[in-house]
Visitor: 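Take a look at the following structure, please.
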There are 2 protein chains.
Amino acid sequence: MKRKITLKDIARELDVSISTVSKALKNSEEISRDTKEKVQAFARLYNYRPNNIAISLKNKRTKNIGVILPDIVHHFFTTVFHGIEKYANARGYNVIACISDESFDKEVINMEMLANGSIDGFIMALSAGTQLKNDYNHLRQVTDQGIPLVLFDRVTDEVACDKVVINDEEAAYLAVKKMINSGRKRIALLTSEAHFNVSEKRAEGYYRALREHSLPVDEELVLVLPHMYHEENLSEGFFRRTNPDAVLCVNEIYAVRSMRHLQSQGKRIPQDVAVIGFTDGILSRYSIPSLTSIAQHGELMGETAARLLVDRIEADFRDMDEPEYITEVIKASIIDRESTD
Amino acid sequence: MKRKITLKDIARELDVSISTVSKALKNSEEISRDTKEKVQAFARLYNYRPNNIAISLKNKRTKNIGVILPDIVHHFFTTVFHGIEKYANARGYNVIACISDESFDKEVINMEMLANGSIDGFIMALSAGTQLKNDYNHLRQVTDQGIPLVLFDRVTDEVACDKVVINDEEAAYLAVKKMINSGRKRIALLTSEAHFNVSEKRAEGYYRALREHSLPVDEELVLVLPHMYHEENLSEGFFRRTNPDAVLCVNEIYAVRSMRHLQSQGKRIPQDVAVIGFTDGILSRYSIPSLTSIAQHGELMGETAARLLVDRIEADFRDMDEPEYITEVIKASIIDRESTD
DNA sequence: TTGTAGGCGTTATCAC
DNA sequence: GTGATAACGCCTACAA
């Protein structure tokens with residue numbers, strides 16, 4: 001077991017000073033060809049690599065970025081993460097990932113853990129708990145210290161920072177409009193509890209589309225489901241009772257479950273009922289019938305967030321005092337599949 | 001913007017020495033009550049937190065663990081990751097995540113990036129590229145430096161380290177046996193290219209079950225698919241040609257696609273054809289019909305890997321010279337759903 | 001009870 | 001050309 005070698009080791013071995021070794025390895029003009037070759041050969045032989053931690057301490061930058069996600073079972077967050085990771089790596093950054101599990105407390109703990117020097121900046125989507133509690137002091141604490149922060153998807157106006165969102169309202173509007181244009185009249189909305197910013201926005205788009213096409217707004221046709229989809233049968237009675245000819249769901253799990261219940265009630269999709277779901281994930285692609293869905297372009301969102309963050313991290317400190325924060329809007333798009341006509 | 005405060009700042013402000021501050025904050029007996037209170041109050045006021053990087057440099061341990069995954073779109077790796085993250089956090093470690101994208105080169109780059117002090121140990125599953133190339137020098141380089149490494153799922157005998165695997169062979173065997181017991185005779189296997197260790201193991205289980213139940217082995221019934229599932233119709237002709245009454249798939253995507261093709265050919269599932277897939281993911285749960293699948297207990301695998309790693313990291317250095325490496329086997333189990341009888 | 005000094009590994013400045 | 005020194009932030013053995 002050959003232990004990790006340091007500048008000091010090389011210096012001792014070659015009987016030169018540490019600073020000479022350091023310079024030689026950087027190919028400094030100051031050092032004689034002879035010495036440089038000797039040092040470099042030795043370093044190569046023993047596979048010398050500078051210690052990241054020491055460099056971090058010296059430079060006060062870690063080349064790590066902290067990512068805090070509410071969960072990782074939702075395909076959407078997975079793709080965002082991938083986008084972040086890809087972009088960050090390309091610019092020489094590592095990604096430290098933490099999962100808040102939708103809990104306020106875990107989010108706070110994770111942020112504090114990372115904020116003490118481990119990372120140069122944060123990318124995160126707010127946990128359900130945080131949105132419910134409406135407490136953003138831990139975020140402000142971070143930004144107050146001058147640590148750059150980028151929020152995506154689940155954002156808040158309460159914190160001044162860069163943001164990346166999708167046009168949820170517009171996407172829902174277009175989806176409903178699409179179904180109206182193909183002749184649907186009784187369009188149901190399956191949404192989740194309202195403290196999720198995004199659900200709210202999607203509901204707004206739903207209502208706007210109805211209004212603009214002079215369809216009656218029937219609150220009976222709106223079903224609010226709990227965020228965790230434990231109970232299998234919640235929506236079964238709903239469909240029997242309300243008998244819709246189209247359904248918009250705020251995620252693909254609701255959508256697939258809806259199709260399942262509708263089919264078991266003898267409905268054909270899309271002939272009798274059209275279904276569209278948010279999140280163009282694996283379920284949408286492989287369900288039977290495959291699901292027309294609203295792609296949120298998670299990977300692009302991740303890349304965008306990472307770009308904003310790295311730019312901010314590497315921004316000149318001259319113009320640090322009064323930054324103009326940016327909110328980038330990613331356009332969602334509808335992917336047509338078999339569940340609509 | 002209140003900048004991060006250091007021991008030095010406190011010392012200067014309170015006109016004491018740095019070491020006094022350090023000790024006072026640790027509630028050392030050496031320091032007078034008076035001084036301690038003064039220092040602690042000040043530290044609290046300015047929200048002092050020790051700098052992780054400095055501590056890492058001093059202690060030569062980062063409390064970070066590096067996780068390298070081949071991809072993150074497969075639900076299995078996602079769940080493993082979650083298990084690692086959960087366990088690691090509970091023991092005070094952060095997780096640095098890198099994705100090799102199934103590429104040998106990226107795997108090497110990521111490992112080198114992290115191996116220079118950023119992490120205390122690695123958890124990883126080998127990329128496809130690495131298994132294909134059969135080159136494990138980057139792993140040995142890491143273990144040779146005394147950095148603990150735990151391999152999971154996609155492992156190799158070529159590297160001496162702790163490992164976590166599932167009993168793939170046995171699981172496939174049991175799945176096939178189950179279908180034989182319910183009267184199936186023509187059992188197909190959809191597998192991926194053989195350089196994947198796990199696919200190979202699963203195929204072995206398939207063959208063993210056939211042999212032990214005196215069913216003929218018909219190579220026509222085995223379809224080897226490329227790892228990336230771009231081509232949609234690869235298996236369609238296969239089913240028409242071979243007309244199986246049961247199918248075992250090495251992942252759930254193959255399984256769901258199979259069901260789709262079979263259904264479009266007028267077959268009923270499970271009456272005409274039974275289907276079982278590896279990976280108990282979201283597709284299995286929500287497909288129509290829902291898919292009987294082999295749960296690999298990814299979260300447990302992740303926790304186990306993290307436990308092995310942290311134990312190894314924190315192991316006494318006395319018994320470091322000749323470690324006995326452990327391979328833990330996680331038992332896969334069959335989750336019965338609608339695609340089998 | 002408090003402070004000094006040295007070290008973790010690296011780099012930059014300045015002196016020889 | 002080379003090397004000594006200080007600094008990044010923290011800790012600790014030892015001196016005062």
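Excluded from the calculations below are hydrogen atoms, water molecules and symmetry mates; all remaining heavy atoms, backbone and side chain alike, are included. All figures in this text were calculated on a predicted structure; none of them were measured in a lab. Order of the sequence lines fixes the chain letters, A, B, ..., with proteins taken first and strands second; residue numbering starts at 1 for each chain.
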Visitor: Please work out which residues in residues 111-119 of chain B have a non-hydrogen atom less than 4.0 Å from an atom of DNA chain D and list them by number.
Guide: none
Visitor: Using the test salt bridge (charged side-chain N to carboxylate O under 4.0 Å, His left out), find all partners of Arg49(B) that sit at least two apart in sequence or belong to another chain.
Guide: none
Visitor: Only counting residues at least two apart or in another chain, list the ones meeting salt bridge (charged side-chain N to carboxylate O under 4.0 Å, His left out) with Lys23(B).
Guide: Glu30(B)
Visitor: Got a sec, which residues hit salt bridge (charged side-chain N to carboxylate O under 4.0 Å, His left out) with Lys86(A), two or more places apart in sequence or on another chain?
Guide: Glu299(A), Glu303(A)
Visitor: Which pairs, with at least one residue in residues 13-39 of chain A and sequence neighbours excluded, count as a ring-ring contact (aromatic ring centres under 6.0 Å, His included)?
Guide: none
Visitor: What pairs meet the ring-ring contact (aromatic ring centres under 6.0 Å, His included) rule with one or both residues in residues 82-108 of chain B, with sequence neighbours excluded?
Guide: Phe104(B)-His138(B)
Visitor: Any side-chain hydrogen bond (donor to acceptor under 3.5 Å, both in side chains) pairs touching residues 55-65 of chain A, not counting sequence neighbours?
Guide: Thr62(A)-Asp120(A)
Visitor: Check side-chain contact (heavy atoms from CB on, under 4.5 Å) between Asp105(A) and all other residues, then give those that pass, not counting sequence neighbours.
Guide: Ser103(A)
Visitor: In residues 50-60 of chain B, which residues come under 4.0 Å of DNA chain C by heavy atom?
Guide: Leu57(B), Lys58(B), Lys60(B)
Visitor: Along DNA chain C, 5' to 3', what are the outermost nucleotides having an atom less than 4.0 Å from a heavy atom of chain B?
Guide: dT1(C) to dG9(C)
Visitor: Could you list, one pair per line, each protein nitrogen or oxygen that sits under 3.5 Å from a nitrogen or oxygen of nucleotides 2-4 of chain D, together with the distance?
Guide:
unit_1, atom_1, unit_2, atom_2, d
dT2(D), OP1, Thr35(A), OG1, 3.0
dT2(D), OP2, Ser32(A), N, 3.1
dT2(D), OP2, Ser32(A), OG, 3.1
dT2(D), OP2, Thr35(A), OG1, 3.0
dT2(D), O4, Glu30(A), OE1, 3.0
dG3(D), OP2, Ser17(A), N, 2.9
dG3(D), OP2, Thr20(A), OG1, 2.6
dG3(D), N7, Ser19(A), OG, 3.4
dG3(D), O6, Lys23(A), NZ, 2.1
dA4(D), N7, Ser19(A), OG, 3.2
dA4(D), N6, Ser19(A), OG, 3.0

Visitor: Checking Lys38(A) now: which residues fulfil salt bridge (charged side-chain N to carboxylate O under 4.0 Å, His left out) with it, not counting sequence neighbours?
Guide: none
